[in-house]
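Following: one structure in structure tokens, then a few remarks.
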Amino acid sequence: MTLHHVVDGPADAPVLLLGGSLGSDVSLWAAPARALSERYRVVRFDHRGHGRSPVPPGVWDVADLGRDVLALLDHLGVARAHYAGLSLGGMVGMWLAAHAPERVDRLALVCTAAFLPPAKGWLDRAAAVRAGGLASIADAVLARWFTPGFDPGPAPRAMLLGTPADGYAACCEAIAAMDLRADLPRIAAPTLVIAAADDLAIPPALGAEIAATVPGARFAVVPGAAHLAALQRPDAVTDLFARHLAGEVVGDAAAVPTATRHAAGMAVRRAVLGDAHVDRAVADTDAFTADFQDLITRYAWGEVWTRDGLGRRERSLITLAMLATLRSGEFAVHVRAALRNGVTPEEISEVLLQVAIYAGVPAANAAFAVARRTLAATGEETEPT
Ligand SMILES: O=C(O)CC1=CCC(=O)O1
């Protein structure tokens with residue numbers, strides 16, 4: 001299978017591959033290709049199941065999409081190329097740089113993530129598209145492609161609606177199954193990660209996590225753009241590509257420590273609260289709560305829960321006492337977290353006795369009730385045996 005592709009620029013120039021997002025085709029890159037083809041042989045391609053590329057039967061994963069790109073390079077007789085990809089295209093770029101490092105020169109990753117839970121959201125979207133076609137999700141997708149008030153004209157909707165439903169759905173399923181986080185430290189290509197300031201589909205924090213984990217990566221944020229930054233701010237994206245490909249040090253290394261805290265916080269938050277809880281919190285995040293979620297992950301989880309001075313078990317005991325005293329709705333979540341951190345039901349009971357003495361019997365009484373229900377739901381024994 002050969003991916004549909006469009007080539008611009010001199011035959012003897014260095015090759016730049018451009019891979020697009022879910023629901024896009026080669027037209028996504030028309031403006032950057034026009035500018036960059038003065039210096040590069042720009043090869044824009046449609047992922048399988050997209051644009052004019054074939055839609056192979058069956059399921060596939062991001063590795064299959066990456067192998068399609070390697071086959072395209074072979075078809076073109078190109079040993080090594082620069083690669084830039086947006087969203088799904090960036091996911092393919094991370095896979096390529098980690099699994100075929102000899103084929104990737106410089107790498108640019110735009111509005112993308114190495115891991116994009118919850119899987120259920122992607123599987124639900126795939127099912128909706130298989131049942132009702134792209135029209136059934138078009139308004140929701142377009143609302144996140146551009147910032148409110150930006151008029152992209154009719155072309156992006158037509159591009160999305162022109163995507164084969166089976167191809168789109170299979171790529172949603174590939175994203176549901178994707179976890180490239182372990183690949184990131186292996187990427188040796190000089191990497192520029194670009195996020196869009198107003199991207200609600202893949203917020204800048206996820207790009208920052210990539211930049212924090214890929215050795216030596218730089219991070220830049222394009223203002224005034226949402227997810228399809230290549231269409232909304234082609235000038236800014238093209239400028240960053242051009243400078244990065246020319247070897248200029250582009251972007252902000254200072255953003256990386258913040259990203260590191262976010263990545264570390266997210267890892268601890270997942271270990272303590274569980275993937276299901278964190279996936280729900282991430283999925284519920286919107287423009288109103290995004291900054292708060294970022295603060296919690298970076299500060300509570302990335303700065304305090306990660307400190308060495310106390311173990312997670314001790315932090316859980318203290319947290320239970322405080323949440324019980326405050327009669328917080330988060331108490332049940334932290335009962336489950338405490339079990340994960342090695343606290344026993346007997347110790348939870350001791351904590352609540354202490355709460356009764358120092359914070360008051362009513363607070364302890366309410367917490368005992370919640371703790372008992374929560375422990376029963378997790379299958380923990382609460383009666384003396
Ligand atoms: O369509 C979206 O919601 C955003 C997105 C994720 C991967 C991709 O290519 O687009």
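In each ligand, atom 1 is the first atom listed, and ligand 1 is the first ligand listed. The first residue of the sequence shown is numbered 1, and numbering continues consecutively from there. Everything numeric in this text was worked out from a predicted model, so none of it was measured.
With salt bridges taken as basic N to acidic carboxylate O contacts below 4.0 Å, none links R181 and D183. Residues D294 and R298 are paired through a salt bridge, judged by an N-O separation under 4.0 Å between the basic side chain and the carboxylate. Remark: R41 does not engage D12 in a salt bridge, criterion side-chain N to carboxylate O under 4.0 Å.
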Applying salt bridge (charged side-chain N to carboxylate O under 4.0 Å, His left out), run through R103 and D74 and close with a yes or a no.
-> CA-CA 10 Å; R103 312 296 298 265; D74 292 343; 2.9 Å; yes
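At least one N or O atom of L88, backbone or side chain, sits closer than 3.5 Å to an N or O atom of ligand 1. The shortest N or O to N or O distance between W122 and ligand 1 is not under 3.5 Å.
Heavy-atom contacts from other residues, nucleotides or ligands closer than 6.0 Å to CZ of R52 number 12 or fewer.
Atom numbering of ligand 1 starts at 1 in the shown order; those under 4.0 Å from a heavy atom of S21 are 9 (O). Close contacts of ligand 1 with I175, meaning ligand atoms under 4.0 Å from a residue heavy atom, involve 7 (C). Close approach of ligand 1 to A201 (heavy-atom distance below 4.0 Å) involves ligand atoms 4 (C). Close contacts between ligand 1 and L22 involve ligand atoms 8 (C), 9 (O), 10 (O) [criterion: under 4.0 Å to a heavy atom].
The proximity of T112 to ligand 1, defined as any non-hydrogen pair under 4.0 Å, does not occur for either the backbone or the side chain.
Heavy-atom proximity to atom 1 (O) of ligand 1, evaluated over M91, R125, R144, is greatest for R125.
The protein heavy-atom contact nearest to atom 4 (C) of ligand 1 is H227 NE2, 3.5 Å. In this structure, atom 10 (O) of ligand 1 lies nearest to the protein heavy atom S87 OG, 3.0 Å.
The aromatic rings of H75 and H5 sit perpendicular, their planes meeting at an angle over 60°, well past the 30° parallel limit.
A donor-acceptor contact closer than 3.5 angstrom links the side chains of H227 and D199.
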